[in-house]
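Structure first, then comments.
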Amino acid sequence: MGVEELIEKVNWEKNNGIVPVVVQDTKGEVLTLAYVDREALRKTLETGYAHYYSRSKGRVRMKGEISGNLQRVREVKIDCDNDALLFIVEQKGVACHTGNYSCFYRKLGEPERVLPMDYSLEILRELEELIRKRKEKPVEGSYTSELFRSGRERIYKKFGEEAVEVLVAETREGLIYETADMLYHLLVLLAYNDVTLGEVMAELRRRRK
């Protein structure tokens with residue numbers, strides 16, 4: 001059965017074009033609850049890597065595109081009403097943005113687990129390298145590659161939009177999330193112009209002196 005035939009097996013009308021996805025690793029641990037639209041499911045089936053639809057952003061992204069915490073999809077199951085999916089995945093790294101392996105790492109009423117703070121630039125260097133690779137060798141289904149294909153106008157527009165999201169964030173968690181998005185899009189903008197993070201750090205060091 002082809003990809004398009006599989007996609008049409010899902011009842012998209014019930015929830016206005018999106019369906020929830022329970023994500024579970026190959027050992028049976030539930031990792032997260034996400035959502036897909038037709039495009040996200042199509043990219044998941046075509047690439048073998050989990051793509052989800054962000055309801056707040058209104059766009060599709062490959063899971064782990066920025067962090068490197070990819071989810072290799074081994075099996076896709078559908079529930080009895082055809083309006084919810086289950087992804088069985090091989091998880092690379094962690095699934096949760098907090099740094100915990102699963103988004104369901106605590107019982108109801110327990111406080112959020114505070115992880116050690118990483119003040120190094122290692123994650124930025126890794127992200128910069130990934131962005132450079134996506135620019136030089138585009139990958140089908142990659143949001144980063146799509147940005148580079150779209151060109152300067154969209155790259156600059158996206159950075160501007162993310163900067164505004166930082167300004168209007170109403171919660172601490174929202175500010176953290178939007179700042180991470182802004183930094184990612186800034187690195188894409190720099191890579192588009194062949195400017196490295198090292199050059200920016202050198203300028204900051206020059207100013208400090």
- [ ] May I ask whether Val19 and Val76 are part of the same hydrophobic cluster, defined by side-chain heavy atoms of I, L, V, M, F, W, Y residues being less than 4.5 angstrom apart, directly or through others?
- [x] yes
Task: Main-chain N/O of Ala34 paired with Thr32 side-chain donor or acceptor, under 3.5 Å - done: no
Open item on the list: Do Tyr105 and Val94 have side chains that approach each other closer than 4.5 Å (heavy atoms only, starting at C-beta)?
Closed with: no
Open item on the list: So does Glu29 get a backbone contact from the side chain of Asp25, meaning a donor-acceptor N/O pair under 3.5 Å?
Closed with: yes
TODO: Taking all heavy atoms of Ala95 and all of Gln71, pick out the closest pair and write down the distance.
DONE: CB-NE2, 4.1 Å
Task: Spacing of Tyr143 atom OH and His51 atom NE2 [to the nearest 0.5 Å] - done: 12.5 Å
Open item on the list: For residues Met201 and Val188: do they belong to one hydrophobic cluster (side chain heavy atoms under 4.5 Å, members Ile, Leu, Val, Met, Phe, Trp, Tyr)?
Closed with: yes
Task: Path from Ile176 to Ile123 over hydrophobic side-chain contacts below 4.5 Å - done: no
- [ ] With rounding to the nearest 0.5 Å, note down the distance linking CG in Leu124 to OH in Tyr184.
- [x] 13.5 Å
Task: Short N-O contact, Arg132 and Glu129, less than 4.0 angstrom - done: yes
Open item on the list: Could you measure the distance from the CG atom of Asp83 to the CD1 atom of Ile78? Nearest 0.5 Å is fine.
Closed with: 8.0 Å
Acceptor/donor pairs from residues 162-171 side chains to any protein atom, 3.5 angstrom cut, sequence neighbours excluded:
residue: Glu162; atom: OE1; partner: Lys57; partner atom: NZ; Å: 3.1
residue: Glu162; atom: OE2; partner: Arg59; partner atom: NH2; Å: 3.2
residue: Thr171; atom: OG1; partner: Gly174; partner atom: N; Å: 2.9

Task: Lys133 atom NZ: more than 12 heavy-atom contacts under 6.0 Å - done: no
Open item on the list: For residues 106-116, which residue pairs pass the side chain to side chain donor-acceptor pair (under 3.5 Å) check, not counting sequence neighbours?
Closed with: Asn100-Arg113
TODO: Find the distance between CG (Leu31) and NZ (Lys63) and round it off to the nearest 0.5 Å.
DONE: 8.5 Å
Open item on the list: Salt bridge check, Glu203 against Arg206: does any charged N sit closer than 4.0 Å to a carboxylate O?
Closed with: yes
Open item on the list: In the structure I gave you, are the side-chain heavy atoms of Val89 and Val73 within less than 4.5 Å of one another anywhere?
Closed with: yes
Task: Side-chain heavy atoms of Asn82 within contact of Lys9, under 4.5 Å - done: no
Task: Aromatic ring pairing Tyr52/Phe87, orientation class (parallel under 30°, perpendicular over 60°, tilted between) - done: parallel
Task: Heavy-atom pair with the smallest gap, counting every atom of Leu33 and Phe104 - done: N-CE1, 4.1 Å
Task: Heavy atoms from other residues, nucleotides or ligands near CD of Glu140 exceed 12 (cutoff 6.0 Å) - done: no
Task: Which atom of Tyr53 lies closest to which atom of Ile18, heavy atoms considered - done: CD2-CG2, 3.7 Å
- [ ] State whether the side chain of Thr26 and the backbone N or O of Glu90 hold a donor-acceptor pair below 3.5 Å, judged by distance alone.
- [x] no
Task: Between CG on residue Leu147 and NE2 on residue His185, distance to nearest 0.5 Å - done: 5.5 Å
Task: Test ring pair (Phe, Tyr, Trp, His ring centres under 6.0 Å) applied to Phe159 - qualifying residues, sequence neighbours left out - done: none
Task: Any donor-acceptor pair under 3.5 Å from Asn11 side chain to Glu13 backbone - done: yes
TODO: Taking the side chain as every heavy atom from C-beta outward, state whether Glu4 and Arg42 have any pair of such atoms under 4.5 Å apart.
DONE: yes
Task: Leu85 with Val60, same ILVMFWY side-chain cluster at under 4.5 Å - done: no
Open item on the list: I'd like to know whether CZ of Arg149 has more than 12 heavy-atom contacts from other residues, nucleotides or ligands below 6.0 angstrom.
Closed with: yes
Task: For the student: nearest non-hydrogen atoms of Val139 and Ser145, plus distance - done: N-OG, 3.0 Å
Task: Identified side-chain hydrogen bond (donor to acceptor under 3.5 Å, both in side chains) partner of Thr144 from the options Arg61, Glu65, Arg134 - done: Glu65
TODO: Search all heavy atoms of Ala191 against all heavy atoms of Phe148 and return the closest pair with its distance.
DONE: CB-CZ, 3.9 Å
Open item on the list: Would the distance check show the side chain of Asp37 and the main-chain N or O of Glu39 forming a donor-acceptor pair, the cut-off being under 3.5 Å?
Closed with: yes
TODO: Kindly work out whether a path of hydrophobic side-chain contacts (I/L/V/M/F/W/Y, heavy atoms less than 4.5 Å apart) joins Val36 to Val22.
DONE: no
Open item on the list: Distance alone, cut at 3.5 Å: any donor-acceptor contact between the side chains of Thr196 and Glu128?
Closed with: no
Open item on the list: Any heavy-atom pair between the side chains of Tyr177 and Asp181 that's under 4.5 Å?
Closed with: yes
Task: Interatomic distance, Arg125 atom CZ to Leu197 atom CG [nearest 0.5 angstrom] - done: 8.5 Å
